[in-house]
Structure formats: C-alpha cells, structure tokens
Amino acid sequence: MDAATVADLTGRIASAVQRVIVGKPDAVRLALVAMLSEGHLLVEDVPGVGKTSLAKALARAVDGAVSRIQFTPDLLPGDITGTSVYNRQTSEFEFRAGPVFANVVIADEINRASPKTQSALLECMAEHQVTVDGGTYPLGDPFMVVATQNPVEMDGTYPLPEAQRDRFTIRISVGYPDPAAELAMLDEHGAGEPLDRMRPVTDLHTLRSMTAATRALHTAAEVRRYCVDIVGATRRLSEVRLGASPRATLHLLRAARAWAITSGRGYVVPDDVQAVAVPVLAHRLLLGPEGVAARRSATDLVRAAVGRVAVPSPPRS
C-alpha cells in the first residue's frame, strides 16, 4: 500500500471520527498516528470532553473489537487479563479471557486503580500478550490501549509510574471545543448518539496493511540521527531529573513515520519529527528541582530540546 492510499484512508477515518469528536482535528490526527505507529495513547483531560468517545469512534471506524475497563481502587489484575477457572466436567483449569482481549482497549481513569493493577497492562502493551498461570496468550492484531485520566481530580488516585507512562507512544489533551464547534456538536448530537450511526470506514485487514506501509516508510539516516539527537538533548537539560528513554527514541521515529504517511509522503522529513516531538516525549520527562522552581512545563522543555538540535537537510525520496 502506497502513502497516497494510506493518507486517503486515514483522512476518511478522521472525517468519520470527527463527526463524533467535533472540532478537534489535531487530537484525532494524533490518535490515528498512535494507531498507525502500532502504539498506545494516553488522554489526559477533564471529564466530559470526549476521551472515551474518541477511543470508541476509532474502533468503530476500523471495524475492530472494543472493550472498556473502568479502573477503580478495588480492580484486580485478573479482572483485566482474565483468570483460570476450574471446570468440574473436565477436571481441568480453563482460561477465561479478560476484557484486554480486544483490538482497542479503553482503560478509563487508569490512575484510579492501584499500581499492582496498573502493572497488569505492562506486558500487554509491550509484548501484545498475556501470561496467566504459566500460559501465554496472544492478544488481538492490531492491539491498542487508549487510557484516560483526569488531571484535576487527584483524590484517591495513584499516579502512573515512569515505566507505565513510557509505554504510551503519545499523550494528548482533547480540551474544550471553541463556541462554534460546541454549537456544531449540539446540532450533531442533539438528534441522537453519533456513535450509534457510525459505520466502519475500513476493516482490520486493511488497517494491518496501513501499519505495515507506515513501518516500511523510507527514513533517511540523517532523520534517524535527528531523532536520537533530540531525545539525547532531553537528558542533558538542567531542569530535567529523568530524560526520555531509548524506547522514546523508537516511538518518536514510528510516530514521525505515521505523521509523514498521513500527509501523503513516502518519506520522513525533520518537520514530521518536530510535529510529534511534544506529544511523544513530554509525558516521559521528570522535572528536577530547578525545573519545578522555574515553573517550566515538560512541553516547554521538549521544545527547548528540539531548539538545541541542528536540523538536517530534508532527505529526498
């Protein structure tokens, strides 16, 4: 599948999703970038802005199976992955799959559950498999976790540990719509739920072809080096206690490829890397005392790191 075909399909998917999430084209595009780069998405925002609807609309657009897990303090790891149940008729234990066995898994308010339960997703997100009682069970293909959390109401929450945040390819914030978009939302949603009227734009087989084309997109050595240099620059910032990891470098490259192919190009340029640098890297940084005292945000620091790295000449196809 060539870049033009992928761009056309992603444009049609985006149009379908934007009928559910009105007035947020940037958030929708970044969600599609996470999907094409075979990564996971973290959505941080206040309640009621469409975080869960965004994930459901993505799954509906590609005709994928979707499951929703409401994270609560009493949720157990087995409630996510599944568990072994004794069958009296066969006198054997049988594995009962949990809700994680879907193409798009919505982890709603992920920071409400304990770290023990949050860690049940680590193997799922990294290796696309579940290990229960010594047995290993592969997850769906494609597989994507869309986690949501409310950054305002923090009572009774467990902040995501660094290892968990590092597994999310992209973090976005949907934000409030502008007045015109909110008025359009009333017109679109007033007659009923748009998700109920939404029809698939493509199927999972085509989506797998799209991700394969994204994975194989031409990326010049200079652009790959540019990704390494940007991530390295985050580790040298005086305001940062912990910079981006090598996994972040890989995710940055994959996201840049996805951004490029959604633009209809068959190669990656430095602008693609810059476009995804903040959503890919900002949530991975831990600020040190100097950064906190200066009231610098992780977004500001990623932009500072990008500004310190020389831009290579754009490669040609």
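If you're wondering where the values come from, they're calculated on a predicted model, not measured in any experiment.
- For the atom pair OG1 (Thr136) and CD (Glu127), the distance works out to 9.0 Å, reported to the nearest 0.5 Å.
- Taking both residues in full, the closest heavy atoms of Ala55 and Val104 are given as O-CG1, 4.0 Å, listed atom of the first, atom of the second, then distance.
- Nearest heavy-atom pair across Asn111 and Gln118 is CA-NE2, 3.7 Å.
- At a threshold of 4.5 Å between side-chain heavy atoms, the hydrophobic network of Ile, Leu, Val, Met, Phe, Trp and Tyr places Tyr158 and Leu42 in two separate groups.
- A donor-acceptor contact shorter than 3.5 Å links the side chain of Ser245 to the backbone of Arg247.
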message: Determine whether Arg171 and Glu44 satisfy the following criterion, salt bridge (charged side-chain N to carboxylate O under 4.0 Å, His left out), listing intermediate values before the conclusion.
response: CA-CA 7 Å; Arg171 181 188 65 177; Glu44 288 186 350; 3.5 Å; yes
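- For the pair Phe93 and Val85, the minimum side-chain heavy-atom distance is 4.5 Å or more.
- Glu123 contributes a side-chain N or O that, together with a main-chain N or O of Thr131, makes up a donor-acceptor pair within less than 3.5 Å.
- When every heavy atom of Tyr226 is checked against every heavy atom of Val306, the shortest pair comes out as OH-CG1, 4.1 Å.
- Side-chain contact annotation: Asp108 with Thr52, donor-acceptor N/O pair under 3.5 Å present.
- Put simply, the side chain of Ser37 never gets that close to the backbone of Ala255: no donor and acceptor are under 3.5 Å apart.
- The only option from Thr219, Thr214, Asp272 that meets the side-chain hydrogen bond (donor to acceptor under 3.5 Å, both in side chains) definition with Arg257 turns out to be Thr219.
- Between Glu222 atom CD and Arg225 atom CZ the span is 11.5 Å, to the nearest 0.5 Å.
- Screening Val269, Asp271, Val268, Val276 for a side chain to side chain contact (heavy atoms under 4.5 Å, CB included) with Trp259, the sole residue that qualifies is Val276.
- Residue Arg235 places its CZ atom among more than 12 non-hydrogen atoms of other residues, nucleotides or ligands, all under 6.0 Å distant.
- In this structure a side-chain-to-backbone donor-acceptor pair under 3.5 Å is missing from Asp63 to Pro200.
- The two residues Met144 and Gly39 come nearest to each other via the heavy atoms CG-O, 3.5 Å.
- With a 4.5 Å cut-off on side-chain heavy atoms, Leu204 and Val62 count as touching.
- At distances below 3.5 Å, at least one donor-acceptor pair connects side-chain atoms of Thr148 with backbone N or O atoms of Glu109.
- Considering CG of Leu30 and OG of Ser173, their distance stands at 11.0 Å, rounded to 0.5 Å.
- Leu250 and Val302 fall into different hydrophobic clusters, defined by Ile, Leu, Val, Met, Phe, Trp and Tyr side-chain heavy atoms under 4.5 Å apart, directly or through other members.
- Below 30°, between 30° and 60°, or above 60°: for His128 and His40 the angle between ring planes is above 60°, a perpendicular geometry.
- Annotation: side chain of Val228 is not in contact with side chain of Leu253 (no heavy-atom distance under 4.5 Å).
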message: side-chain contact (heavy atoms from CB on, under 4.5 Å) for Thr72 and Arg112? Distances and angles first, verdict last.
response: CA-CA 5 Å; Thr72 56; Arg112 293 283 173 193; 5.5 Å; no
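- Side-chain heavy atoms closer than 4.5 Å link hydrophobic residues (I, L, V, M, F, W, Y) into clusters, and following such links, possibly through other members, connects Leu281 to Ile172.
- Note that OG1 of Thr83 is 10.0 Å distant from CZ of Arg96, once rounded to the nearest 0.5 Å.
- The minimum heavy-atom distance linking Thr234 with Val231 is given by the pair OG1-O, 2.6 Å.
- Among residues two or more places apart in sequence or in another chain, the side chain to side chain contact (heavy atoms under 4.5 Å, CB included) test is passed with Arg60 by Met198.
- Annotation: side chain of Thr262 is in contact with side chain of Leu36 (closest heavy-atom distance under 4.5 Å).
- Linking ILVMFWY side-chain heavy atoms closer than 4.5 Å, directly or via other members, places Leu41 and Leu139 in two distinct hydrophobic clusters.
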- request: I would like to know whether Ser53 and Ile21 meet side-chain contact (heavy atoms from CB on, under 4.5 Å); could you show each step before the answer?
  value: CA-CA 7 Å; Ser53 296; Ile21 307 297; 3.8 Å; yes
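- Looking only at side-chain heavy atoms (C-beta outward), Pro312 and Pro270 come within less than 4.5 Å of each other.
- Rounding to the nearest 0.5 Å gives a distance of 5.0 Å between CG of Asp141 and CZ of Arg208.
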task: Please report the C-alpha distance between Phe101 and Thr81 in whole Å, then the side-chain angles of each, then the deciding distance to 0.1 Å, and finally whether the side-chain contact (heavy atoms from CB on, under 4.5 Å) criterion is met.
output: CA-CA 8 Å; Phe101 287 84; Thr81 60; 5.7 Å; no
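- Placement of Val146 and Leu121 in two distinct hydrophobic clusters is found when ILVMFWY residues are connected by side-chain heavy-atom separations under 4.5 Å, directly or transitively.
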task: Any chance you could lay out the side-chain contact (heavy atoms from CB on, under 4.5 Å) test for Leu287 and Arg241, step after step, and finish with the verdict?
output: CA-CA 5 Å; Leu287 272 63; Arg241 179 160 60 93; over 6 Å; no
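- Nearest heavy-atom pair across Ala248 and Val280 is O-CG1, 4.1 Å.
- Side chains of Ser84 and Glu94: no donor on one and acceptor on the other come within 3.5 Å.
- Leu58 places a side-chain heavy atom less than 4.5 Å from the side chain of Met35.
- A donor-acceptor contact shorter than 3.5 Å is absent between the side chain of Thr206 and the backbone of Thr202.
- Residues Phe143 and Gln129 form no side-chain contact, since every pair of their non-hydrogen atoms from C-beta on lies 4.5 Å or further apart.
- For the pair Thr117 (side chain) and Ala113 (backbone), a donor-acceptor distance under 3.5 Å is absent.
- For residues 8-37, the salt bridge (Lys or Arg N to Asp or Glu O under 4.0 Å) pairs, not counting sequence neighbours, are Asp8-Arg12.
- Of the inter-residue distances, the one linking Asp166 atom CG with Arg284 atom CZ reads 5.0 Å to the nearest 0.5 angstrom.
- The shortest side-chain heavy-atom distance between Val17 and Leu54 falls under the 4.5 Å cut-off.
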